[in-house]
Amino acid sequence: MKETGAGVGAIAGERRQLINVAYRLLGSLAEAEDAVQEAYARWYALPSSRRDEVRSPGAWLTTVTGRICLDVLGSARARRERYVGAWLPEPVPDHAEWGRGGDEGPADPADQVVLDESVTMAFLVVLESMTPAERVAFVLHDVFRYPFTEVADVLGRTPSACKQLAASARRRVRGPAAPVPGVGQAEAVRRVKEAWESKDIATLVDLLDPAAVMTADGGGLVGTVLRPVEGGARIAQYMVAIADKALGLELLERSVNGVPGLVARRDGTVMTVASFELADDGRVARIWVVRNPEKLRPWLRDG
């Protein structure tokens with residue numbers, strides 16, 4: 001982990017890295033921000049003499065943030081069992097595509113998330129299948145390249161045990177860490193948008209993999225399907241049925257977690273954010289739809 005001085009500026013400068021670690025560990029910007037704030041609170045609660053003894057404040061903060069996230073992950077499973085419908089990670093906008101106005105307040109955590117292959121919705125959903133210890137070991141070592149000796153400090157296990165946890169987690173990931181699609185995904189998303197807007201079921205069916213799955217997250221706060229919709233034909237029919245009811249809804253092509261996706265907006269307010277994963281033949285295999293307004297707060301300050 002990076003060595004830093006113990007000055008206030010150097011300590012504050014660790015926040016971006018900590019937010020990136022915590023978001024990948026938790027899949028929630030709000031929870032990531034809370035974890036990082038708690039880590040800073042614990043740092044400043046130390047006696048000044050104790051802080052002066054810390055050789056690398058950045059390493060200390062990362063270790064504490066990791067432990068906090070591990071505790072959150074442990075309790076999250078029980079909370080998500082009570083969650084209404086499917087739980088999906090919070091989508092992150094590309095701040096270059098959305099105006100931030102004249103707000104001079106604290107930086108939004110979404111602005112500090114580095115949008116790379118480790119935050120695509122497809123990758124975050126895979127992370128959700130891991131145990132808390134697997135996820136921490138995998139993210140810290142495979143994504144952020146921290147050595148297992150330092151991962152061991154977070155998990156309270158031996159480096160050898162952490163190595164085994166990361167290997168177990170790695171087996172859950174299909175192939176390399178979900179490369180960010182390029183022009184092919186953008187074109188596929190554009191064609192889905194056009195077919196949805198024209199209510200063209202036949203074209204939508206052609207664009208969707210026959211075994212495609214659509215998962216929606218409304219959190220019980222807005223209307224949406226509570227279980228995944230399976231099959232390209234069923235998804236196409238569902239999308240057209242929604243289009244019939246979506247008066248005044250504007251569809252926009254936007255980056256979602258660094259990958260081409262769609263945003264639905266009504267009267268300037270973002271109502272839905274959709275992420276896509278393509279099959280090898282270029283058809284859409286997975287659609288993740290986030291409608292829970294509590295998960296769309298980073299999208300509200302649009303340009």
Side-chain angles (χ1 to χ4, degrees), residues 1-80 82 89-90 92 95 103-114 118-119 124 127-128 130-159 161-162 165-166 294-295 297-298:
M1 298 180 190
K2 183 173 63 179
E3 297 287 335
T4 71
V8 174
I11 295 299
E14 296 291 335
R15 185 174 185 273
R16 179 184 178 93
Q17 173 77 350
L18 297 174
I19 288 289
N20 275 277
V21 169
Y23 173 65
R24 287 158 177 79
L25 288 177
L26 300 176
S28 164
L29 280 170
E31 290 182 348
E33 172 75 354
D34 288 345
V36 171
Q37 290 295 97
E38 174 62 20
Y40 274 107
R42 294 185 188 183
W43 169 260
Y44 287 112
L46 292 175
S48 58
S49 59
R50 175 70 181 92
R51 292 202 299 269
D52 291 341
E53 293 173 356
V54 177
R55 187 170 64 90
S56 173
W60 190 96
L61 285 164
T62 301
T63 297
V64 172
T65 298
R67 290 173 180 168
I68 293 169
C69 289
L70 183 64
D71 290 341
V72 173
L73 286 170
S75 62
R77 293 200 165 193
R79 285 187 285 111
R80 288 172 191 173
R82 300 190 298 271
E90 292 181 21
V92 179
H95 63 84
D103 184 9
E104 299 298 332
D108 191 308
D111 291 341
Q112 302 192 43
V113 173
V114 176
S118 66
V119 295
L124 291 175
L127 293 180
E128 285 293 316
M130 301 176 183
T131 68
E134 285 176 341
R135 185 166 183 168
V136 171
F138 178 81
V139 168
L140 290 180
H141 180 267
D142 284 45
V143 176
F144 289 96
R145 304 301 177 189
Y146 293 149
F148 284 119
T149 53
E150 297 182 3
V151 177
D153 288 339
V154 176
L155 291 176
R157 307 191 187 196
T158 65
C162 293
L165 285 168
E294 293 183 348
K295 296 185 177 183
R297 289 171 182 167

Next item on the list: Answer yes or no: is there a donor N or O on one side and an acceptor on the other, between the side chain of Tyr40 and the main chain of Ile11, under 3.5 Å?
Entry: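 Flag set: sc Tyr40 to bb Ile11 pair under 3.5 Å.
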
Check: Sub-3.5 Å donor-acceptor pair from the side chain of Arg67 to the main-chain atoms of Asp153, do we have one?
Finding: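 Between the backbone of Asp153 and the side chain of Arg67 there is a qualifying donor-acceptor contact (under 3.5 Å).
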
Would you say [X] and [Y] make side-chain contact, with heavy atoms under 4.5 Å?
X      : Y      : answer
Ile68  : Arg42  : yes
Val92  : Val119 : no
Thr62  : Tyr146 : yes
Trp43  : Val64  : no
Arg157 : Leu165 : yes
Glu128 : Arg135 : yes
Leu73  : Glu31  : no
Arg15  : Pro109 : yes

Can you name the nearest heavy-atom pair linking [X] to [Y], along with the distance?
X      : Y      : answer
Arg51  : Tyr44  : NH1-O, 3.4 Å
Arg24  : Val113 : NH1-CG1, 4.3 Å
Leu25  : Cys69  : CD1-CB, 3.7 Å
Pro298 : Leu29  : CG-CD1, 3.6 Å
Ala137 : Leu155 : CB-CD1, 4.0 Å
Ala152 : Pro159 : CB-N, 3.8 Å

Note to self: Between Arg16 and Asn20, is there a side-chain donor-acceptor contact under 3.5 Å, judged purely by atom types and distance?
What the structure shows: no

Give, for atom [atom1] of [X] and atom [atom2] of [Y], the distance between the pair rounded to the nearest 0.5 Å.
X      : Y      : atom1 : atom2 : answer
Gln112 : Tyr23  : CD    : OH    : 14.0 Å
Asp142 : Ser118 : CG    : OG    : 11.0 Å
Gln37  : Thr65  : CD    : OG1   : 10.0 Å
Leu46  : Glu53  : CG    : CD    : 10.0 Å

